[in-house]
Amino acid sequence: VLSGAVVNLSVQYDKTGIYGFRENEPFGVMELDLKLIDVATGVLLGETSIASRDKLTETDASNIRLGKPFPPKVVDKLQAELVEPSLRWISQKVTAQAWVGFILSIDKRRIKVTVGRDTGLPLGAELVAYAQGQRIRSGGGRILYLPGPPGGRLKLEEFEARHAWAEPVV
């Protein structure tokens with residue numbers, strides 16, 4: 001789950017020159033706080049703040065300080081500048097995590113898990129498997145199972161369409 005919020009949208013000035021009294025150009029700042037949470041385990045995978053800035057005219061800066069809203073074009077540009085660094089950060093965090101699967105059945109030394117060819121994982125990939133946890137009823141009345149304790153690390157050996165056979169990694 002990705003959780004995010006805009007925590008700052010403000011007018012700021014570059015302080016240049018002696019004591020910051022020369023060439024103080026206004027700019028708009030938008031800052032975004034992001035948190036990435038693994039819902040299977042409840043673990044916080046990471047959190048960060050990302051900011052973008054764009055020059056403002058002195059008139060726009062004065063209007064904003066007097067209570068008028070930010071010009072929509074400035075807000076759009078600030079938001080657009082946050083997209084690429086946000087996606088890069090999310091991608092890095094997700095890529096760094098081991099895949100999670102659930103154990104469906106065990107046949108001697110082979111373990112059937114909920115990761116199949118449709119995930120795009122290659123044979124030999126490792127994942128963390130969790131046992132079936134507490135049984136709960138969803139708001140819609142369906143029976144769901146929360147993740148239980150980790151069952152261990154598994155190595156994918158044989159794929160089916162939506163399942164795979166894996167062996168324990170020792």
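It should be emphasised that the depicted structure is a prediction, and the values quoted were computed from it without experimental measurement. Below, each value reflects all heavy atoms present in this structure, side chains not excepted, and no hydrogens, waters or symmetry copies.
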On a heavy-atom basis, the closest approach of P26 and Y13 is CB-CE2, 3.5 Å

*Is S91 reaching over with its side chain to a backbone N or O of L87, donor-acceptor style, under 3.5 angstrom?*
no

Consider only side-chain heavy atoms of I, L, V, M, F, W and Y, link residues closer than 4.5 Å, and tell whether L123 and W165 are in one cluster. no

key: Check ion pair E157-R110 (N to O, under 4.0 angstrom)   = no

Nearest heavy-atom contact between F159 and A164 is CD2-CB, 3.7 Å

- Applying the 4.5 Å side-chain criterion to the ILVMFWY set and letting contacts propagate, would L45 and W89 be lumped into a single cluster? yes

**Q.** CA sep, side-chain torsions, deciding dist, call: L56, V11, side-chain contact (heavy atoms from CB on, under 4.5 Å)
**A.** CA-CA 8 Å; L56 292 172; V11 175; 3.8 Å; yes

Margin query: Could you check whether any side-chain heavy atom of V29 comes within less than 4.5 Å of a side-chain heavy atom of L78, counting everything from C-beta outward?
Written below: no

Check: E160 and K112 side chains under 4.5 Å, non-hydrogen atoms: yes

Smallest heavy-atom separation, L34 atom then G4 atom, equals CD2-CA, 3.9 Å

For I106 and K108, the nearest pair of non-hydrogen atoms, with its separation, is CG2-O, 3.6 Å

Could you state whether F70 and V83 fall into the same hydrophobic cluster, counting links through intermediate Ile, Leu, Val, Met, Phe, Trp or Tyr residues with side-chain heavy atoms under 4.5 angstrom apart? no

### Task
Salt-bridge test for R53 and E81: reply yes if a basic N is under 4.0 Å from a carboxylate O, no otherwise.
no

Taking every heavy atom of L36 against every heavy atom of V94, the minimum-distance pair comes out as CD2-CG2, 3.8 Å

Next item on the list: Indicate if L154 and L104 have the same hydrophobic cluster label, given that clusters are the connected sets of ILVMFWY residues with side-chain heavy-atom separations under 4.5 angstrom.
Entry: no

| request: Find out if a path of hydrophobic residues (ILVMFWY) with successive side-chain heavy-atom gaps under 4.5 Å connects V7 to L2. | output: no

Hey, is E126 close enough to R153 for a salt bridge, meaning N to O under 4.0 Å? yes

What one should report as the nearest heavy-atom pair of L82 and P85 is O-CD, 3.5 Å

